[in-house]
Number of protein chains: 2
Amino acid sequence: MAADDSAETGTQQIRDAIRDAIVERRLSPGTKLSESDVGNLFNVSRTLARAALQALSYEGLVSVEKNRGAFVAYPSPEEARQIFAARRLVEPGILREAATRITPTDIRHLKQLLLEEGRLIGERGQTARRAEIKASGDFHLALAVISGNAIMQRFMDELVARSSLVIALYGQSTVSSCGHSEHGDIVTAIENKDLDEACRLMLHHIAHIEADLDLRQRKNLGLKEALKR
Amino acid sequence: MAADDSAETGTQQIRDAIRDAIVERRLSPGTKLSESDVGNLFNVSRTLARAALQALSYEGLVSVEKNRGAFVAYPSPEEARQIFAARRLVEPGILREAATRITPTDIRHLKQLLLEEGRLIGERGQTARRAEIKASGDFHLALAVISGNAIMQRFMDELVARSSLVIALYGQSTVSSCGHSEHGDIVTAIENKDLDEACRLMLHHIAHIEADLDLRQRKNLGLKEALKR
DNA sequence: GACGCCTAGATTGTATACGATTTTTTGCTT
DNA sequence: AAGCAAAAAATCGTATACAATCTAGGCGTC
């Protein structure tokens with residue numbers, strides 16, 4: 001079956017590379033992404049660089065400002081709230097759908113992810129930390145995949161990626177891994193066919209992540225969009 | 001506050017025009033949208049036309065095939081199912097959120113929409129029918145706006161637009177308006193602060209639309225993507 | 001010394017140009 | 001007349017070119 005011939009190889013590749021960099025927080029919110037720089041970096045013309053940046057702006061990961069250029073998105077506290085509100089709204093539903101379709105293979109795969117996640121938490125260093133961030137999101141994404149709904153899957157892709165930005169900006173505890181065991185609990189609940197409990201745990205988990213945020217308005221930000229560079 | 005300076009005027013305009021044409025079904029699924037034609041039609045270069053088509057492909061309204069061009073999306077039965085599954089998943093949540101934030105002004109606005117919708121149903125002619133299709137979707141969109149979550153709002157934009165395509169392809173009853181009174185019932189339930197009832201009605205309403213579809217696989221479609229033109 | 005204006009450089013917005021791929025047409029063969 | 005092959009036309013993919021806009025630094029005036 002035709003999986004994905006949507007985007008022209010070049011653009012897709014750049015888009016994915018930049019997105020990974022944003023999600024893994026190698027690129028900080030507010031960083032300027034000039035079309036020429038991106039193009040040179042990937043040895044393509046501005047045309048493709050621009051297309052990639054446009055694509056990322058549709059996902060909410062970069063914001064392009066007319067005649068000023070593209071920047072890694074700098075979500076406002078209000079945006080952050082909406083992102084997590086959206087997750088609270090959709091993730092229980094996705095979880096329910098996934099639970100009805102889940103196979104033993106899927107469960108094994110989920111546990112594999114959990115194991116990997118746990119391993120990374122133990123390790124030291126920037127690289128491990130970044131991989132851990134990605135792994136944490138991958139768990140939620142995996143549930144969306146299992147749900148079998150490509151549309152919800154793409155939506156979750158966007159939400160998880162944007163969440164990473166929000167946590168980078170407003171997260172307090174240096175370790176975002178506090179919720180790792182909660183992932184395991186959710187899987188257990190699914191195994192026990194206790195959907196209500198699984199949903200409850202999921203909502204609790206999301207609330208837990210959100211509770212670690214400090215969403216108070218940044219100092220005198222906003223009078224000139226502050227430190228946009 | 002800065003509302004929307006996201007897209008360069010030209011592209012945005014083209015994108016909206018084509019999207020409206022698709023949603024109002026002036027453009028049939030599968031119609032080829034060549035970059036040159038679009039560009040000439042709007043008196044801009046292929047560059048902008050291409051950007052607009054790319055944007056629409058991110059919304060799932062057009063599908064671009066490498067080296068072949070862009071076509072008005074032709075959702076498969078499976079895609080159709082997923083679109084409505086997504087709506088069943090998110091619309092109750094949006095409704096609940098909207099109900100807690102709704103103001104008397106909002107309610108008046110909703111009733112205004114209902115009135116307009118009813119008026120169009122009475123009228124004859126293609127134009128009225130098209131306006132009616134749009135109005136029907138606008139009701140669901142209005143709820144998303146009231147919910148105050150820009151992210152869910154954009155998601156609903158996409159879902160409603162894609163639903164229009166699905167109905168164009170698989171809808172059986174010539175009138176899609178069968179569900180008009182159901183909109184009114186939902187508003188009434190909201191006014192009565194009966195959220196559970198409102199959600200029940202919403203799910204019923206979505207199921208009602210879906211029931212009017214004939215999602216059996218089209219004849220021998222798929223061996224060559226069939227009538228792509 | 002501070003403020004404002006003005007010019008120079010850099011960056012984005014849009015159009016055009018050229019090579020690559022696909023589709024259609026043409027014309028030959030069977 | 002039907003089928004196939006090669007050439008012609010159309011269309012897409014990408015790069016480059018030029019115009020418009022923004023940013024920064026310098027100069028002059030107050």
Side-chain angles (χ1 to χ4, degrees), chain A residues 2 4-18 27-28 30-59 61-74 222-229, chain B residues 2 4-18 27-58 61-74 222-229:
Chain A
D4 189 1
D5 62 332
S6 58
E8 322 78 89
T9 49
T11 304
Q12 185 89 320
Q13 212 168 323
I14 298 172
R15 184 173 76 88
D16 289 348
I18 297 181
L27 281 170
S28 304
T31 304
K32 164 132 198 183
L33 302 170
S34 105
E35 297 177 355
S36 319
D37 290 353
V38 172
N40 292 337
L41 215 50
F42 289 90
N43 288 101
V44 296
S45 76
R46 263 184 58 214
T47 307
L48 296 191
R50 186 184 177 85
L53 292 171
Q54 285 290 124
L56 287 165
S57 96
Y58 294 125
E59 303 178 44
L61 291 184
V62 320
S63 74
V64 308
E65 300 177 27
K66 184 168 167 126
N67 281 321
R68 281 190 30 90
F71 306 83
V72 178
Y74 197 107
L223 66 160
K224 196 63 175 181
E225 308 236 38
L227 40 141
K228 252 300 167 51
R229 70 179 53 196
Chain B
D4 189 2
D5 61 330
S6 58
E8 320 78 88
T9 49
T11 303
Q12 185 89 320
Q13 211 167 325
I14 298 171
R15 184 174 76 88
D16 289 347
I18 296 181
L27 281 170
S28 305
T31 304
K32 162 130 199 182
L33 302 171
S34 104
E35 297 176 354
S36 319
D37 290 352
V38 172
N40 291 337
L41 214 52
F42 289 91
N43 288 100
V44 297
S45 76
R46 261 183 62 214
T47 306
L48 296 191
R50 184 184 178 86
L53 291 171
Q54 284 289 125
L56 288 166
S57 97
Y58 294 126
L61 291 185
V62 320
S63 74
V64 308
E65 300 177 26
K66 184 172 167 112
N67 280 320
R68 282 190 29 92
F71 305 83
V72 179
Y74 196 107
L223 67 159
K224 197 65 175 180
E225 307 238 37
L227 41 141
K228 252 300 167 52
R229 70 179 52 195

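Each chain gets a letter, A, B and so on, in the order the sequences are listed, and its residues count up from 1.
- The heavy-atom pair separating P29(B) from A73(B) by the smallest distance is CB-O, 3.3 Å.
- As a whole-Å value, the separation of R50(B) CZ from dG13(C) P is 17 Å.
- Taking T47(A) as the reference, S45(A) meet the side chain to side chain contact (heavy atoms under 4.5 Å, CB included) condition, with sequence neighbours excluded.
- Summarising the geometry, atom NZ belonging to K32(A) is positioned 9.0 Å from atom CD belonging to E65(A); distances are rounded to the nearest 0.5 Å.
- Q13(B) has its CD atom 16 Å from the P atom of dG13(C), to the nearest Å.
- When I14(B), L33(B), L61(B) are each tested for a side chain to side chain contact (heavy atoms under 4.5 Å, CB included) with L53(B), only one passes: L33(B).
- Partners of S36(A) by side chain to side chain contact (heavy atoms under 4.5 Å, CB included), not counting sequence neighbours, listed by chain and number: S34(A), R46(A).
- Per the geometry, CD belonging to E65(A) stands 14 Å off C1' belonging to dT11(C), to the nearest Å.
- Going from atom CG of L53(A) over to atom C1' of dG13(C) covers 14 Å, rounded to whole Å.
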Using a cutoff of under 3.5 Å, can you pull out all pairs of nitrogen or oxygen atoms linking the protein to nucleotides 6-9 of chain C, with atom names and distances?
none

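- The side chain to side chain contact (heavy atoms under 4.5 Å, CB included) search around D16(A) returns Q12(A), R19(A), not counting sequence neighbours.
- Rounded to the nearest 0.5 Å, atoms OH (Y74(A)) and OG1 (T31(A)) are 10.5 Å apart.
- Protein atom CD1 of I14(B) is 9 Å distant from nucleotide atom P of dT14(C), rounded to whole Å.
- Here A55(B) pairs with Y58(A), R15(B) under the side chain to side chain contact (heavy atoms under 4.5 Å, CB included) rule; sequence neighbours left out.
- Whole-Å rounding puts the Q12(A) CD to dT14(D) P distance at 12 Å.
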Going 5' to 3' through nucleotides 16-22 of chain D, assign each nucleotide B (protein heavy atom under 4.0 Å from a base atom), S (under 4.0 Å only from sugar-phosphate atoms) or - (no protein heavy atom that close). BB---SS
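- The CD atom of E35(B) sits 14 Å away from the C1' atom of dT22(C) (whole-angstrom rounding).
- For the OP1/OP2 pair of dT23(C) and a distance below 4.0 Å, the side-chain nitrogens and oxygens of K32(B) include no atom meeting the criterion.
- Residue G30(B) comes nearest to F71(B) through the heavy atom pair O-CD2, 3.6 Å, listed as atom of the first residue, atom of the second, then distance.
- Rounded to whole angstrom, the span from the CD atom of Q54(A) across to the P atom of dT14(C) amounts to 10 Å.
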